[in-house]
Colleague: 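Input: one structure, supplied below.
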Amino acid sequence: MVQFETFVNKQWRPVIRYDTAHGYAHKDILDWHGRVIEKIEMVNIDYKKALQIANLDIDSNWKIYKRRFLKGRQNDKR
């Protein structure tokens, strides 16, 4: 499992998670409460390659993911 978390309001929050639960590699986009709002299946990719993709994606895009996550919090009325 590879996960990007951000520190907000004195607490770590998961933002993006790559894992192999459910028997296949996939990417979960999480909301402020840690719930999956989108699951993206990594089709025909072995676990080693999925790990490489996950690390590269998070390293390259963490700022975008953080900005989108924080914007989603502003829109969450709960």
Side-chain angles (χ1 to χ4, degrees):
M1 191 257 299
V2 175
Q3 181 166 281
F4 166 57
E5 298 179 352
T6 190
F7 196 69
V8 181
N9 298 338
K10 301 180 183 180
Q11 171 172 11
W12 287 102
R13 301 269 184 179
V15 177
I16 299 288
R17 176 177 58 236
Y18 282 88
D19 65 54
T20 57
H22 317 295
Y24 61 94
H26 61 278
K27 172 183 176 179
D28 291 328
I29 300 172
L30 308 169
D31 71 4
W32 183 259
H33 305 285
R35 296 177 301 229
V36 176
I37 57 175
E38 185 176 0
K39 183 178 297 291
I40 302 167
E41 187 174 345
M42 300 172 78
V43 181
N44 297 324
I45 296 177
D46 65 52
Y47 290 168
K48 182 178 179 180
K49 184 67 175 174
L51 178 62
Q52 293 170 339
I53 291 169
N55 283 318
L56 180 60
D57 178 45
I58 290 173
D59 285 347
S60 300
N61 297 303
W62 69 268
K63 289 180 185 178
I64 294 167
Y65 293 145
K66 182 174 182 173
R67 188 175 23 220
R68 194 178 308 155
F69 178 76
L70 294 174
K71 183 178 180 184
R73 170 62 175 144
Q74 293 170 352
N75 297 329
D76 186 354
K77 304 296 185 215
R78 286 174 256 173

Colleague: Enter the distance from Phe4:CZ to Lys63:NZ here, rounded to the nearest 0.5 Å.
Modeller: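 Reported value, rounded in 0.5 Å steps: 11.0 Å.
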Colleague: Hey, is NZ on Lys39 packed in by over 12 heavy atoms from elsewhere, all under 6.0 Å?
Modeller: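 Check passes, neighbour count above 12.
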Colleague: Can you name the closest pair of heavy atoms from Ala25 and Tyr47 and give their distance?
Modeller: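 What the structure gives for the nearest pair is N-CE2, 4.0 Å.
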Colleague: Mind running salt bridge (Lys or Arg N to Asp or Glu O under 4.0 Å) on Asp19 and Arg17 for me, showing each step along the way?
Modeller: CA-CA 6 Å; Asp19 65 54; Arg17 176 177 58 236; 3.2 Å; yes
Colleague: Under a 3.5 Å distance rule, please check whether His26 uses its side chain to pair with a backbone N or O of Tyr24 as donor and acceptor.
Modeller: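 The answer is yes, because a donor-acceptor pair under 3.5 Å joins these two groups.
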Colleague: Is there a donor-acceptor pair closer than 3.5 Å between any side-chain N or O of Asp31 and the backbone N or O of Gly34?
Modeller: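 Confirmed, Asp31 side chain pairs with Gly34 backbone.
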Colleague: Specify the closest pair of heavy atoms between Lys27 and Tyr18, including all atoms of both residues, with the distance to one decimal.
Modeller: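 Nearest heavy atoms, Lys27 then Tyr18: CD-OH, 3.3 Å.
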Colleague: About how many Å separate CD1 of Ile53 and CG of Leu56, when rounded to the nearest 0.5 Å?
Modeller: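 Nearest 0.5 Å value for the CG-CD1 distance: 8.5 Å.
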Colleague: Return the CG to CZ distance between Asn61 and Arg68, rounded to the nearest 0.5 Å.
Modeller: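 Going from the CG atom of Asn61 to the CZ atom of Arg68 covers 8.5 Å.
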Colleague: Tell me if a side-chain donor or acceptor on Asp46 pairs with a main-chain N or O of Lys48 at a distance below 3.5 Å.
Modeller: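 Such a contact is found between Asp46 side chain and Lys48 backbone.
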Colleague: Please round to the nearest 0.5 Å and tell me the distance separating atom CD1 of Ile16 and atom CD of Glu5.
Modeller: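 Rounded to the nearest 0.5 Å, the CD1-CD separation comes to 12.0 Å.
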Colleague: Can you spot which of Val36, Ile40, Ile37 makes a side chain to side chain contact (heavy atoms under 4.5 Å, CB included) with Asp28?
Modeller: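 The side chain to side chain contact (heavy atoms under 4.5 Å, CB included) with Asp28 is passed solely by Val36 among Val36, Ile40, Ile37.
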Colleague: Between Pro14 and Leu30, which heavy-atom pair has the shortest distance, and what is it?
Modeller: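 Nearest pair, atom of Pro14 first, then Leu30: CB-CD1, 3.6 Å.
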Colleague: Regarding Tyr65 and Asp57, is there a side-chain donor-to-acceptor distance under 3.5 Å anywhere?
Modeller: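 A pair is found: one side chain offers a donor N or O, the other an acceptor, under 3.5 Å apart.
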Colleague: How about Asp59: does its CG atom have over 12 heavy atoms from other parts shown lying under 6.0 Å from it?
Modeller: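 Yes, because the 6.0 Å sphere around CG of Asp59 holds more than 12 heavy atoms from other groups.
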Colleague: Just how far is it from atom CZ of Arg13 to atom NE2 of His33, taken to the nearest 0.5 Å?
Modeller: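 Output value for this atom pair is 7.5 Å.
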Colleague: Quick one, Val15 and Trp62 - any side-chain contact, counting heavy atoms below 4.5 Å?
Modeller: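 No, every pair of side-chain atoms sits at 4.5 Å or beyond.
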